[in-house]
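Everything on this sheet refers to the single structure shown next.
All of these numbers come straight from a predicted model, not from anything done at the bench. Heads up: numbering here begins at 1 and tracks the sequence.
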Amino acid sequence: MARLTRAQQQERTRAAVLVAARQEFAEYGFAEAKIDRIAERAELTRGAVYSNFTGKRALYLAVLVDAAERARASAEPPTESPDSVGNALGSFARVWLERLPFLGDTPGSGHLQLRSLSGVLTTEPTRTALAELVRFEALLLALALEPRSAVRAGTVRRAGLALTLLHGAAGLAENAPGVGDPFDLTRAAEHLAGIALGDDTEPPHLPYVAPARSTEDRWVPPRGLRDEITGRPVDFGDDGVVVVLGAGRLSAAEDAVRSARPDDVVTIVVVTSDPAEIGRLARLRIVDLVGCLLRVFAADRLPQARVVFDDSGTVPAALGHTSVDDLTELAARVRGGLVVAHATGRGAGHAAARHRSPDSGRSEAV
């Protein structure tokens with residue numbers, strides 16, 4: 001029998017740890033789970049567990065990510081999308097609510113099914129990242145409800161209300177399984193389409209965003225990264241806008257997306273200085289949401305923006321930035337194999353999307 005390579009052995013060890021951790025968390029929940037018992041279940045040493053995961057929180061998040069990725073892989077897209085925003089919100093809620101625990105579930109298994117984060121995010125950076133992720137999820141849901149070129153701030157807010165409703169139901173179900181009628185919750189989500197939320201005005205801070213800098217830098221796009229919405233490899237050579245956002249600034253994606261031209265390819269690249277925990281948290285939330293969208297919307301109605309996880313920082317490095325963190329904001333407009341605009345700091349994505357070409361005398365964004 002051929003010997004396993006080091007990489008194969010590491011992958012086998014990691015898989016064994018994940019299986020054991022899933023069993024441990026299902027039985028005891030996050031708070032009462034023990035790394036020593038996980039190592040014993042996997043027939044490994046404690047050191048072998050820590051060589052693959054930085055701690056219990058990172059391991060718990062890895063278990064949830066694995067569950068979300070399996071659910072996304074098994075999603076069967078419909079042949080047609082819902083015919084109205086209300087029906088779409090109702091269908092999304094119906095799919096999302098399938099995770100609610102049943103009365104007979106153990107607390108641990110119910111929490112895993114819910115992708116529960118109760119008691120897990122105890123640091124300020126992880127809580128900040130979660131708040132930004134919730135707003136980013138609302139944007140992705142809104143982009144399925146309306147075309148990217150016409151998505152309104154009000155639709156993003158309605159999507160956010162729907163997600164608040166669903167996460168609130170999940171929080172109650174954690175402590176009181178069986179509470180909350182999924183049919184009532186679905187109908188409530190449908191009615192959010194008609195709620196009045198005021199005018200769709202431009203955010204007041206945008207006029208104060210510094211303009212992007214015009215450049216003519218050769219663009220050597222990175223390879224090997226994947227769009228989390230379609231699952232396909234990303235060609236960064238496409239004309240459009242590339243926006244790199246730290247996990248603590250993902251809400252800025254809305255301004256970039258709404259400022260882009262209708263024919264722009266918009267790519268949101270998610271980076272972090274903490275891939276083990278915040279990176280996994282971001283992957284969990286986005287993959288989980290996409291898994292639901294895939295079951296509600298046909299391919300032509302999925303969000304028309306690409307979402308890429310870049311744990312190694314290859315995209316910002318290609319743009320000349322070797323250091324990133326959770327507050328990173330930088331963006332570039334790409335055209336004809338060149339970076340024709342570059343922006344950094346607050347509002348960078350909006351600035352690059354709205355860049356005015358010096359040789360055309362007109363805005364490159366509508």
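No donor-acceptor distance shorter than 3.5 angstrom exists from the side chain of Arg12 to the backbone of Gln8, with no hydrogens or angles considered. Under the 3.5 Å distance criterion, the side-chain polar atoms of Asp66 are left unmatched by any main-chain donor or acceptor of Val63. Judged by distance alone, the side chain of Arg295 and the main-chain N or O of Pro77 form no donor-acceptor pair under 3.5 Å. Judged by distance alone, the side chain of Thr13 and the main-chain N or O of Asn52 form no donor-acceptor pair under 3.5 Å. No donor-acceptor pair closer than 3.5 Å links the side chain of Thr272 to the backbone N or O of Asp326. Checking side-chain atoms of Glu190 against main-chain N and O of Gly90 turns up no donor-acceptor pair under 3.5 Å. Ser259 contributes no side-chain N or O that, together with a main-chain N or O of Ala256, makes up a donor-acceptor pair within less than 3.5 Å. Checking side-chain atoms of Gln113 against main-chain N and O of Arg99 turns up a donor-acceptor pair under 3.5 Å. Here the side chain of Gln304 pairs a donor or acceptor atom with the backbone of Leu302 at under 3.5 angstrom. Judged by distance alone, the side chain of Thr164 and the main-chain N or O of Gly160 form a donor-acceptor pair under 3.5 Å.
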- Message: Run Arg158 and Ile195 through side chain to side chain contact (heavy atoms under 4.5 Å, CB included) and show every step you take.
- Response: CA-CA 8 Å; Arg158 289 181 185 88; Ile195 192 170; 4.1 Å; yes
- Message: Quick one, Leu97 with Leu100, criterion side chain to side chain contact (heavy atoms under 4.5 Å, CB included). Give me CA distance, side-chain angles, the key distance, then yes/no.
- Response: CA-CA 6 Å; Leu97 289 166; Leu100 293 184; 3.8 Å; yes
- Take Val257 and Leu139 through the test side chain to side chain contact (heavy atoms under 4.5 Å, CB included) and record every step on the way to the result. CA-CA 9 Å; Val257 166; Leu139 173 64; 4.3 Å; yes
- Query: For Glu27 and Arg41, what are the C-alpha separation, side-chain angles and deciding distance, and is it a salt bridge (charged side-chain N to carboxylate O under 4.0 Å, His left out)?
  - Reply: CA-CA 12 Å; Glu27 185 172 348; Arg41 288 176 187 268; 2.8 Å; yes
- Passes side chain to side chain contact (heavy atoms under 4.5 Å, CB included), Leu330 versus Leu319? Steps please. CA-CA 9 Å; Leu330 61 100; Leu319 293 172; 3.4 Å; yes
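Note: Glu277 CD to Leu59 CG = 11.0 Å, rounded to the nearest 0.5 Å. Within the model, atoms CG of Leu61 and NZ of Lys56 stand 12.0 Å from one another, a figure rounded to the nearest 0.5 Å. Taken from CG in Leu172 to NE2 in His167, the straight-line distance is 14.5 Å, to the nearest 0.5 Å. Atom CZ in Arg22 sits 10.0 Å away from atom CG in Leu64 (nearest 0.5 Å). Distance check: Arg157 CZ to Glu254 CD gives 10.0 Å after rounding to the nearest 0.5 Å. Going from atom CG of Leu293 over to atom OG of Ser91 covers 11.5 Å, rounded to the nearest 0.5 Å.
Around CZ of Arg223, the count of heavy atoms belonging to other residues, nucleotides or ligands within 6.0 Å does not exceed 12. Applying the 6.0 Å contact sphere to CD of Glu40 captures no more than 12 heavy atoms from other residues, nucleotides or ligands. Taking a 6.0 Å sphere around CD of Glu98, one finds it holds more than 12 heavy atoms contributed by other residues, nucleotides or ligands.
Cluster membership check: Val269 does not share its hydrophobic cluster with Val266, using side-chain heavy-atom separations under 4.5 Å among Ile, Leu, Val, Met, Phe, Trp and Tyr. Note on Ile35 and Tyr28: separate hydrophobic clusters, where clusters join Ile, Leu, Val, Met, Phe, Trp and Tyr whose side-chain heavy atoms are under 4.5 Å apart, directly or indirectly. Cluster annotation: Tyr60 and Val19 are assigned to distinct hydrophobic clusters (Ile/Leu/Val/Met/Phe/Trp/Tyr, side-chain heavy-atom contacts under 4.5 Å, transitive). Under a hydrophobic-cluster definition in which Ile, Leu, Val, Met, Phe, Trp and Tyr are linked whenever side-chain heavy atoms come within less than 4.5 Å, directly or via other members, Val95 and Leu192 are assigned to the same cluster. Linking Ile, Leu, Val, Met, Phe, Trp and Tyr residues whenever their side-chain heavy atoms come within less than 4.5 Å leaves Val340 and Val265 in two separate clusters.
Nearest approach of Ala68 to Leu284, heavy atoms of both residues: CB-CD1, 4.2 Å. Shown here for Ser118 and Ser116, the closest heavy-atom pair between the two residues is N-OG, 3.3 Å. Val296 and Ala88 make their closest contact through CG1-O, 4.1 Å (heavy atoms, listed as atom of the first residue, atom of the second, distance). Taking all atoms of both residues into account, the shortest heavy-atom contact from Ala129 to Ile278 is CB-CG2, 3.9 Å. Nearest approach of Ala169 to Leu185, heavy atoms of both residues: CB-CD1, 3.7 Å. Nearest heavy atoms, Thr106 versus Ala26: OG1-O, 3.0 Å.
Between Trp219 and Val334 the shortest side-chain heavy-atom distance falls below 4.5 Å. Side-chain contact check for Leu225 versus Phe309: every heavy-atom pair is 4.5 Å or farther apart. Phe136 places none of its side-chain heavy atoms less than 4.5 Å from the side chain of Leu141. Counting heavy atoms from C-beta on, the side chains of Leu281 and Leu117 come closer than 4.5 Å. When side chains are defined from C-beta on, Leu133 counts as touching Ile286, because their heavy atoms get closer than 4.5 Å. Side-chain contact between Leu250 and Arg135 is absent, with no heavy-atom pair separated by less than 4.5 Å. Here the side chains of Val220 and Arg218 are in contact, with some heavy-atom distance below 4.5 Å. For the pair Phe30/Leu112, no side-chain contact is recorded, criterion being any heavy-atom separation below 4.5 Å from C-beta on.
Outside the 6.0 Å centre-distance limit, the rings of His355 and His342 are not counted as a close aromatic pair.
Side-chain atoms of Thr122 and Arg57 include a donor-acceptor pair closer than 3.5 Å.
Each of Thr186, Leu145, Leu289 was scored for a side chain to side chain contact (heavy atoms under 4.5 Å, CB included) with Phe92, with one residue passing: Leu289.
A salt bridge links Arg283 with Asp311: at least one charged nitrogen is closer than 4.0 Å to a carboxylate oxygen. Between Asp288 and Arg285, none of the side-chain N atoms (NZ, or NE/NH1/NH2) sits under 4.0 Å from a carboxylate O, so this pair counts as no salt bridge. Between Glu24 and Lys34 there is no salt bridge, since no side-chain N of the basic residue sits under 4.0 Å from a carboxylate O of the acidic one.
Scanning for side-chain contact (heavy atoms from CB on, under 4.5 Å) contacts around Glu124 gives Arg127, Thr128, with sequence neighbours left out. For Glu329, the side-chain contact (heavy atoms from CB on, under 4.5 Å) test picks out Leu245, Arg249, Ala252, Arg346, Ala348, with sequence neighbours left out.
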Could you pull out all donor-acceptor pairs under 3.5 Å where a side-chain atom in residues 231-243 meets a protein atom, sequence neighbours excluded?
from	atom 1	to	atom 2	distance (Å)
Asp235	OD1	Gly237	N	2.9
Asp238	OD2	Arg306	NH1	3.1
Asp239	OD1	Gly336	N	2.9

